Amino acid sequence: MTAPQTCAPRRYWLMKNEPDTESIDHALAAPDATLAWSGVRNYQARNFMRDRMQVGDGVLYWHSGCALPGIYGLACIASAARVDPTQFDPASPYFDPRATPDKPRWLLVDVKALRKTRPVDMATLRADPQLSRMQVLQKGNRLSITEVTPEEWQHLCGTLLQDAP
DNA sequence: GCCAACGTTGGC
DNA sequence: GCCAACGTTGGC
């Protein structure tokens with residue numbers, strides 16, 4: 001017999017962003033250190049936001065498309081999923097002509113940056129046997145949002161993401 | 001800039 | 001509903 005799920009367990013996420021314009025530094029400098037995570041155009045990632053994310057979930061803030069992709073900060077989910085307005089904006093690179101306000105296709109969440117970490121790149125992650133199953137390390141992974149297990153999160157926080165000695 | 005992997009599209 | 005072609009992602 002399990003306890004009633006009045007309070008669902010916290011989950012953990014890895015969220016990729018381009019550091020040119022939306023680095024952990026940009027996020028920390030934003031009002032309330034919070035960014036609207038717009039531009040997700042993949043159904044699986046959208047469904048994570050819609051179905052599984054909850055306010056307070058932990059986030060590994062990942063920089064991608066840069067010299068050294070990896071974890072650069074810690075953040076948390078700061079809002080429920082809501083309609084991503086960039087899908088309706090013809091001037092936006094994320095414009096989706098098939099989306100209408102009546103039938104929106106894409107969602108976003110607010111992400112609140114908490115702090116920078118030391119950079120932890122993919123080679124470092126791969127060198128840790130306890131992290132070998134992280135989705136971001138799997139061949140062919142292209143998802144910009146992946147779920148991190150509580151074990152991976154705890155392990156990371158206890159080792160690689162601790163402040164330098 | 002390359003290219004493997006994967007998602008999406010659209011003809012049938 | 002199949003599946004080939006195409007586009008995109010993102011590490012390298």
Side-chain angles (χ1 to χ4, degrees), chain A residues 11-30 34-53 57-77 79 81-149 151-153 155-157 159-161:
Chain A
R11 295 190 177 105
Y12 303 96
W13 306 94
L14 184 151
M15 298 178 75
K16 297 181 179 180
N17 219 337
E18 306 264 335
D20 292 352
T21 54
E22 297 194 295
S23 69
I24 184 69
D25 289 309
H26 288 100
L28 284 166
T34 299
L35 291 183
W37 210 265
S38 57
V40 172
R41 295 293 180 268
N42 171 283
Y43 289 109
Q44 198 176 342
R46 180 201 69 182
N47 294 347
F48 282 150
M49 293 193 286
R50 186 188 62 194
D51 302 334
R52 290 184 63 76
M53 280 185 181
D57 283 0
V59 174
L60 301 173
Y61 200 110
W62 187 274
H63 289 182
S64 66
C66 55
L68 204 61
I71 301 165
Y72 284 78
L74 291 176
C76 66
I77 301 300
S79 80
R82 57 192 170 82
V83 173
D84 179 349
T86 63
Q87 67 193 299
F88 309 126
D89 177 5
S92 167
Y94 304 121
F95 177 62
D96 184 342
R98 291 164 299 189
T100 66
D102 279 350
K103 286 202 160 189
R105 307 178 116 208
W106 305 112
L107 303 173
L108 59 74
V109 293
D110 290 327
V111 174
K112 182 180 175 70
L114 299 175
R115 67 171 174 92
K116 295 177 75 167
T117 64
R118 75 176 92 191
V120 180
D121 67 8
M122 298 186 75
T124 305
L125 294 171
R126 286 206 168 93
D128 188 329
Q130 291 190 247
L131 300 175
S132 63
R133 295 175 72 172
M134 281 188 77
Q135 280 193 51
V136 75
L137 301 180
Q138 304 312 307
K139 191 174 175 182
N141 167 71
R142 291 188 314 164
L143 265 188
S144 64
I145 300 174
T146 53
E147 194 159 353
V148 175
T149 69
E151 292 76 16
E152 289 161 350
W153 178 274
H155 181 68
L156 275 163
C157 288
T159 57
L160 299 172
L161 297 180

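What you see is a predicted model, and the numbers here were worked out from it, not measured in a lab. Naming: A, B, ... by sequence-line order, numbering from 1 per chain.
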### Watson-Crick and G-U pairing of DNA chain C written in dot-bracket, each distance under 3.5 angstrom, with | for inter-strand partners
||||||||||||

Roughly how many Å is it from [atom1] in [X] to [atom2] in [N], rounded to a whole number?
X       : N       : atom1 : atom2 : result
L143(A) : dG7(B)  : CG    : C1'   : 10 Å
E18(A)  : dT9(C)  : CD    : P     : 9 Å
W106(A) : dG7(B)  : CH2   : P     : 12 Å
R105(A) : dG7(B)  : CZ    : P     : 16 Å
R41(A)  : dT9(B)  : CZ    : C1'   : 18 Å
H63(A)  : dG10(C) : NE2   : C1'   : 15 Å

### Query
Under the salt bridge (Lys or Arg N to Asp or Glu O under 4.0 Å) test, which residues partner D25(A), sequence neighbours left out?
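Salt bridge (Lys or Arg N to Asp or Glu O under 4.0 Å) check on D25(A) returns K116(A).
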
### Query
Got a sec? Which of residues 86-100 of chain A come in under 4.0 Å of DNA chain B, heavy atoms?
R98(A)

Could you tell me whether a side-chain N or O of [X] sits under 3.5 Å from a main-chain N or O of [Y], the two making a donor and an acceptor?
X       : Y       : value
R11(A)  : R52(A)  : yes
E152(A) : Y12(A)  : no
R126(A) : L137(A) : yes
S79(A)  : D110(A) : yes

### Query
So, for A99(A) and Q87(A), which heavy atoms are closest and what is the spacing to 0.1 Å?
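Taking A99(A) first and Q87(A) second, the nearest heavy atoms are CB-OE1, 3.2 Å.
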
### Task
Could you tell me whether the phosphate oxygens of dT9(C), OP1 or OP2, come under 4.0 Å of any side-chain nitrogen or oxygen in K16(A)?
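K16(A) to dT9(C) OP1/OP2: no side-chain N or O under 4.0 Å.
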
### Message
Once ring pair (Phe, Tyr, Trp, His ring centres under 6.0 Å) is applied, what residue pairs with a partner in residues 97-140 of chain A remain, sequence neighbours excluded?
### Response
Y43(A)-W106(A)

### Query
Along nucleotides 1-6 of chain B, 5' to 3', which nucleotides get a B, which get an S, and which get a -, given that the test is a protein heavy-atom distance under 4.0 Å?
---SBB

### Query
In Å and rounded to the nearest 0.5 Å, what is the NZ to CG distance from K16(A) to L143(A)?
8.0 Å

#### Entry: Salt bridge flag under 4.0 Å for residues R105(A) and D84(A)
no

### Message
Y61(A) and side chain to side chain contact (heavy atoms under 4.5 Å, CB included): which single residue from L28(A), N17(A), L114(A), T117(A) fits?
### Response
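Testing each of L28(A), N17(A), L114(A), T117(A) against Y61(A), the sole residue satisfying side chain to side chain contact (heavy atoms under 4.5 Å, CB included) is N17(A).
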
### Task
Check L161(A), L156(A), I24(A) against L74(A) for a side chain to side chain contact (heavy atoms under 4.5 Å, CB included) and give me the one that passes.
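Of L161(A), L156(A), I24(A), side chain to side chain contact (heavy atoms under 4.5 Å, CB included) with L74(A) is met by L161(A) alone.
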
### Message
Under 4.0 Å, heavy atom to any atom of DNA chain C: which of residues 119-136 of chain A qualify?
### Response
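Here the set is M122(A), R126(A).
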
### Side chains of T86(A) and D89(A), donor plus acceptor under 3.5 Å
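No donor-acceptor contact under 3.5 Å links the two side chains.
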
### Message
In terms of relative ring orientation, are Y72(A) and H63(A) parallel, tilted or perpendicular, with 30° and 60° separating the classes?
### Response
parallel

